[in-house]
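In what follows, a structure is listed as structure tokens, so that the remarks can point back to it.
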Amino acid sequence: MPLIAPSLLSANFLQLQKDCDMLNSSQADWYHLDVMDGRFVPNISFGPMLINFFRKATNKTCDVHLMIEEPERYAEAFQQAGADIITIHAEACTHLHRNIQQLKSLGVKAGIALNPHTPVQVLSEIIREIDLVCLMSVNPGFGGQQFIPHTLVKIRALKEMINNSGSTALIEIDGGVTLENAPSIVAAGADVLVAGNTVFKATDPVATIAQLKKTSAA
Ligand code: DX5
Ligand code: ZN
């Protein structure tokens, strides 16, 4: 069964307590928290202050996805705010290996996210150092976009790299995950499904999370 990581980007920010209560009562495994800086992506979301509120609202794993330039400048602030996992974009890091070491020294799990155009092969020399790979299945910046089908090819290639290297990294898929495409995503090798609109725009989000959770490899 996949881990389910609802993206709070699609929550109703006028009733966050209610949405957190809903998630806490659900089978969601992680809170997926999308940080955007208006430079790396064409949108601005929220920062450490809000993440600290989420930290206090839940005991679930806080999975922080940094869509920001120079993530090394902010990694400590997000760790202090309560992140359990910090994922940084390969495209935003000149010294990716150094930045991963920084995350480890902060005591958080270290993730690397790849945009749709970035081949998984960029991870070959670092795959054993990381805890998570987040494959973007949309171009980052906004919730509610369409899943890019080629992601399935990338998942299979990444799974093979992970298996061959002895890495324990989890594969997380982020963007456009629906009840319809989840089985093929899990069948390709995904371990974690991020879901924003599919969860928060559902008439019954708790049931939708349970349905996603039940997804088995088709
Ligand atoms: C996109 C974010 C995603 C997004 C997912 O830049 O990283 O986490 O919120 O939302 P959906 O599931 O609606 O595509
Ligand atoms: Zn995300």
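In each ligand, atom 1 is the first atom listed, and ligand 1 is the first ligand listed.
The minimum distance between the Zn ion (ligand 2) and any N, O or S atom of Asp34 involves atom OD1. Within Asp174, the N, O or S atom at minimum distance from the Zn ion (ligand 2) carries the name OD2. The atom name of the N/O/S atom in His65 closest to the Zn ion (ligand 2) is ND1.
Within a 6.0 Å sphere centred on NZ of Lys18, other residues, nucleotides and ligands contribute 12 heavy atoms or fewer. Under a cut-off of 6.0 angstrom, the local environment of CD in Glu125 is sparse, with at most 12 non-hydrogen atoms contributed by other residues, nucleotides or ligands. Other residues, nucleotides and ligands place no more than 12 heavy atoms under 6.0 Å from the NZ atom of Lys214.
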Under 3.5 Å, N/O to N/O: give me all the pairs between ligand 1 and the protein, one per line with atom names and distance.
from, atom 1, to, atom 2, distance (Å)
ligand 1, 6 (O), Gly141, N, 2.7
ligand 1, 7 (O), Asp34, OD1, 2.9
ligand 1, 7 (O), His65, ND1, 3.3
ligand 1, 7 (O), Asp174, OD2, 2.9
ligand 1, 8 (O), His32, NE2, 3.4
ligand 1, 8 (O), Asp34, OD1, 3.1
ligand 1, 8 (O), Asp34, OD2, 2.8
ligand 1, 8 (O), Asp174, OD1, 2.6
ligand 1, 8 (O), Asp174, OD2, 3.1
ligand 1, 9 (O), Ser7, OG, 3.1
ligand 1, 9 (O), Asp34, OD2, 3.2
ligand 1, 12 (O), Gly196, N, 2.8
ligand 1, 13 (O), Gly144, N, 2.8
ligand 1, 13 (O), Asn197, N, 2.9
ligand 1, 14 (O), Gly176, N, 2.9

Counting only pairs under 3.5 Å, give me each side-chain donor-acceptor contact of residues 163-174, with atom names and distances, residues two or more places apart or in other chains.
from, atom 1, to, atom 2, distance (Å)
Asn163, ND2, Lys159, O, 3.4
Asn164, ND2, Glu160, O, 3.3
Ser165, OG, Met161, O, 3.0
Ser165, OG, Ile162, O, 3.1
Ser165, OG, Ser167, N, 3.1
Ser167, OG, Ile127, O, 3.0
Ser167, OG, Ala169, N, 3.0
Asp174, OD2, His32, NE2, 3.2
Asp174, OD2, His65, ND1, 3.1

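Here Lys60 contributes atom NZ and Tyr31 contributes atom OH; the two are 7.5 Å apart, rounded to the nearest 0.5 Å.
The backbone N or O of Arg55 sits nowhere less than 3.5 Å from a side-chain atom of Thr58 that would complete a donor-acceptor pair.
Aromatic ring pairs are classed by plane angle as parallel below 30°, tilted from 30° to 60° and perpendicular above 60°; the pair Phe13 and Phe54 is perpendicular.
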